[in-house]
Amino acid sequence: MTYVVTDACIRCKYMDCVEVCPVDCFYEGENMLVINPNECIDCGVCEPECPAEAILPDTEADTDKWVEINAKFSAEWPNITVKKDSPEDADEFKGKDGKYEEYFSPEPGTGD
Ligand code: SF4
Ligand code: F3S
């Protein structure tokens, strides 16, 4: 199994998660992060750290799509291990529905 980042992260990107991961398996896109499922050791430490509740274990229902997206983009985006500033309007997007359809960006972030 693995943990995955879901669309609740999009445009929130609080990055508390990256500070606690013991294996540094978060990767940065323009407006969300993903987890590399092959590197995640399923420790679960990151899940309660996310203020947007964007991180789930893949044992939850309906996470197949997120496993695919996390696997695909973790291979393309740069690694991130240090928390940076969140977007200024992050709180406006917390808990919004349909963020993947409306705001997902395949562009990479800048990483560490
Ligand atoms: Fe990292 Fe553990 Fe979260 Fe996996 S579950 S991404 S290993 S902190
Ligand atoms: Fe995203 Fe939550 Fe991490 S909003 S960047 S998964 S702390």
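Only heavy atoms go into these numbers, but all of them, side chains included; no hydrogens, no water, no symmetry mates. We count ligands from 1, going down the list as the structure has it; atoms in each ligand are counted the same way.
Taking every non-hydrogen atom of F26 and a distance limit under 4.0 Å, the qualifying atoms of ligand 1 come out as 6 (S). The atoms of ligand 1 that sit less than 4.0 Å from any heavy atom of C43 are 2 (Fe), 5 (S), 7 (S), 8 (S). Near P22, meaning under 4.0 Å from one of its heavy atoms, ligand 1 places the atoms 8 (S). Each of the following atoms of ligand 1 lies closer than 4.0 Å to a heavy atom of C25: 1 (Fe), 6 (S). Within the listing of ligand 1, atoms 5 (S) sit less than 4.0 angstrom from a heavy atom of Y3. Of all atoms in ligand 1, listed by their number and element, those nearer than 4.0 Å to a heavy atom of V23 are 7 (S). Residue-ligand proximity, G44 to ligand 1, at heavy-atom distances under 4.0 Å covers atoms 2 (Fe), 5 (S). Interface of I35 with ligand 1, defined as ligand atoms under 4.0 Å from a residue heavy atom, comprises 6 (S).
Within the 2.8 Å limit, C46 places at least one N, O or S atom next to atom 3 (Fe) of ligand 1. For C40, the nearest N, O or S atom to atom 4 (Fe) of ligand 1 falls under 2.8 Å.
Within the 3.5 Å criterion, the main-chain N or O of E53 finds no donor-acceptor partner in the side chain of K94. Side-chain atoms of K83 never come within 3.5 Å of backbone atoms of M15 as a donor-acceptor pair (strictly under, hydrogens ignored). Panel note: side chain E28, backbone P78; no donor-acceptor pair is recorded below 3.5 Å.
A single hydrophobic cluster is not seen to contain both V23 and V20; linkage of ILVMFWY side chains at heavy-atom distances under 4.5 Å, directly or through other members, places them apart.
The structure places CD1 of I69 at 11.0 Å from CG of D64, a figure rounded to the nearest 0.5 Å.
Checking K65 against T6 by side-chain atom types alone, no donor-acceptor pair falls below 3.5 Å. Between the side chains of E39 and Y27, at least one donor-acceptor pair of N or O atoms lies under 3.5 Å. For T81 and D112, the side-chain atoms include at least one donor-acceptor pair closer than 3.5 Å.
Residues K72 and E76 are paired through a salt bridge, judged by an N-O separation under 4.0 Å between the basic side chain and the carboxylate.
Residue-level proximity to ligand 1 for C17 is absent, since no heavy atom of it falls below 4.0 angstrom. Within the 4.0 Å heavy-atom criterion, both parts of I41, backbone and side chain, lie near ligand 1.
Protein N/O/S atoms closer to atom 1 (Fe) of ligand 2 than 2.8 Å number 1 in this structure.
Summarising the geometry of K99 relative to D7, their closest heavy-atom pair is CE-O, 3.1 Å, with the distance given to 0.1 Å. Here the closest non-hydrogen pair linking A71 and P37 is CA-CD, 3.7 Å.
Nearest non-hydrogen protein atom to atom 1 (Fe) of ligand 1 is C21 SG, 2.3 Å.
Two residues are said to be in side-chain contact when any heavy atoms from C-beta on lie closer than 4.5 Å; F26 and I55 meet this criterion.
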